[in-house]
Amino acid sequence: MSRLKDHAPSVLVAGISAAFGVALLRVTAVIGTAAAADSATSGETAGLVLGVVAAVFIVIAMYVAAIVTANTFSTILAGRTRTIALRRLLGSTASAERRAVAGEGLVVGVVGSLLGLAVGTAVAAGLTALAVALGHLPDLDYGVVDGSAALPVIAVALTTWLASWVGSRRVLDVTPMQALGGAQERTGAEAAGRGRRATALVLVLVGLGLVGLGVVLGLISPLGVLVGLIGGILSFTGLVTGSAWVMPPALRLVGRLFGGSAAARLAAENALRYPERSSRTTIGLVIGVTLITMFAVGTESLAQIIRAIDGGSGDLDAMLTTTVTVLSVLLGFSALIAAIGMVNNLFLSVLQRTRELGLLRALGFTAAQIRRMILAESAQLTLAALLVGVALGTFYGWAGAQALLGSVNGAPGLVLPGMPWPVLTALAAGSALLTWVASLAPSRRATRVSPIAALAVS
Amino acid sequence: MPAIPSVEAMHSTPSGASSAGSPVVARVEALAKAYGSGTGRVTALADVSIGIRRGQFTAIMGPSGSGKSTLMHIMAGLDSPTSGRAWLGDTEISALGDTELTVLRRRRVGFVFQAFNLVPTLDVSGNILLPFELDGRRPSSEEQAWIDRLVDSLGLRDRLRHRPHQLSGGQQQRVAIARALATRPDLVFADEPTGNLDSRTGREVLALLSAASQDYGQSIAMVTHDPVAASYADRILFLADGRLVEDRGRASAEQISAFMLAMERAA
Ligand SMILES: Nc1ncnc2c1ncn2[C@@H]1O[C@H](COP(=O)(O)OP(=O)(O)OP(=O)(O)O)[C@@H](O)[C@H]1O
Ligand SMILES: [Mg+2]
């Protein structure tokens, strides 16, 4: 029963990414059908292009969902260490324990993706009916489902399973010894291998080199953007792979911003207690923020260059605004999934610290100080993700626009990145909201901890 | 840090200027505590009246379930009584709200628990200074000199940058003792402080507590099962079934064992 509750957030994450995939594919199919009816020749190509674009966004959402799920599993297992250690003590093998966890992951994936199928299909049908009623789409027979829905459903089930397998790696580190005695919690002991660090570093360096090359080439030919694109994908993959080394310094830096009060200092330590966990919690948000910022800065910079070339037009601005809005909404789903992961992780980590919170209460931490501490912890995670994401997104967006249009006749050579203030404001507001929402449940839980119950030797 | 005025005023007598001459640092009167209701009602304490003397090392003994921890929790402001009253110095703590009690614990009470005494993310130095940090201040130079002395006499000098998981159980208890003594609280509460230690390390910890009371006049109340531990105390209070059954002065471990056996036979 408690296992079911453990996995509710992972089911939600799998459900949202499957629903997003099913609905998006369905909507592109409907638009493709409408376009084909409109002009028999170009319909097929339009449908194909839309399908490819949709696939890209679905893959991004699934990737973020996989990171979130792997992290959630690893956090849940941290809380089960003693139970697993006891089973190991009684003779269960490490690999059997890990297989059992991955089995839970498969169930989560299948249940989540089937729920997602139902919700996604319903939402797509609703949107289609609405568009027909408003006259945006011709009144054709679009059907309700098509075979394409199977793709995201199967993919989500499998990636969730895979993510649970990755997240269950820590089961292998549990020793039967941990079932004995009140072993003190170790902190900062998780560190990924050296090979991974080297891979990440190479990817980042080569990628950034290519982005730079793309910008320079872009001054000669628009094909520079292709070189830049490859460089962008490589370097960003490197950053995500190496997040365990990128995020902790960012978190530490942001932690300093909150001052030196006991609540702030403990919060700063807590956010770095499990560097790998915090890195994975924040990297999902970083991906979302980076991509949203990248498209917004990219279009804004493009608009700047185009205005410099031909003085610009209202038509262009309206089109760019629409594009940025649609892309932001599509990427917003990835950000939402990452946000769910963060809320859940903060809650679990507070749950696993019950005893420590009881100690702090006994020693004189007021309920208000506990609330401030958790709010600061939450703010540290979102703010670090926001800053890193906006910085990266601004760079990539600017580099893309520069590489694409830098060589066009009349272009001003190198331009400064265009800053899309409405989008950035929305991101900041979203982060503030997330900070607050994520701290609610943990704060309530933490201030209810009675020092006596928490310190009773069980 | 926004201080709570009433507590601020209360704290203006740190060791209790008016109560400094009083021989009693904490007391409870007609204290009762019951858990649950109806048929599931458990009486943990029934009509207990006790005074803890200033500067003394007091042991609270009794069989399992006799109410020792409950008494300590109420006296330390961690729990509230069902009826009766409790004072720390001149402050009636049974009348205080949660925030006032929290500030009182921070400033006027020290704790040493059986286990899980230390915050795992803080190093030894951070753990010792935690009560000051919670109060939003740094130790004064006088307090710092006192802390330095504690750190040296507890043998923690070259451990200050270590995290709790890098220390043995005995070292962790020594850090907890340093933290409990650092603020020079009115009263230090210790609940089975040697419960998780081997007998040699346990004796070291007990010797440190008794030295703190003898050398610095620190008032200490220690809950224990162990006659050897209680033999370090100046005074021993025995509880049974939530009542005070015996109050005696310093005694040897053998005498204490004999008394406990007699008490169990009588029960
Ligand atoms: N939260 C609670 N709910 C219900 N009953 C409780 C609770 N806490 C304590 N009790 C009961 O109150 C009585 C006194 O408990 P207390 O913990 O004070 O005993 P103790 O003397 O410290 O025992 P031990 O030596 O085993 O630690 C016991 O009967 C216990 O079962
Ligand atoms: Mg007890």
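Keep in mind that this is a model prediction, so the values were computed, not measured. Below, chains carry the letters A, B, ... as their sequence lines are ordered, and counting in each starts from 1.
Side-chain contact check for Ser443(A) and Arg371(A): no donor-acceptor pair (N or O, by modelled atom type) lies under 3.5 Å.
No salt bridge links Glu269(A) with Arg265(A); every basic N to acidic carboxylate O contact stays at or beyond 4.0 Å. Between Arg107(B) and Asp186(B), no side-chain nitrogen of the basic residue sits less than 4.0 Å from a carboxylate oxygen of the acidic one, so the salt-bridge criterion is not met.
Contacts of Asp191(B) with chain A are absent, with no heavy-atom separation under 4.5 Å from either backbone or side chain. Heavy atoms of Leu359(A) lying under 4.5 Å from chain B belong exclusively to its side chain. Looking at Arg361(A), both its backbone and its side chain come within 4.5 Å of chain B, counting heavy atoms on both sides.
Looking only at heavy-atom pairs under 4.5 Å with chain A, the residue among Leu129(B), Leu130(B), Leu78(B) that has the most is Leu78(B).
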Before you tell me yes or no, could you show the steps for His73(B) and Phe189(B) under ring-ring contact (aromatic ring centres under 6.0 Å, His included), namely the whole-Å CA-CA distance, both residues' side-chain angles and the distance that decides it to 0.1 Å? CA-CA 9 Å; His73(B) 293 149; Phe189(B) 289 97; 9.3 Å; no
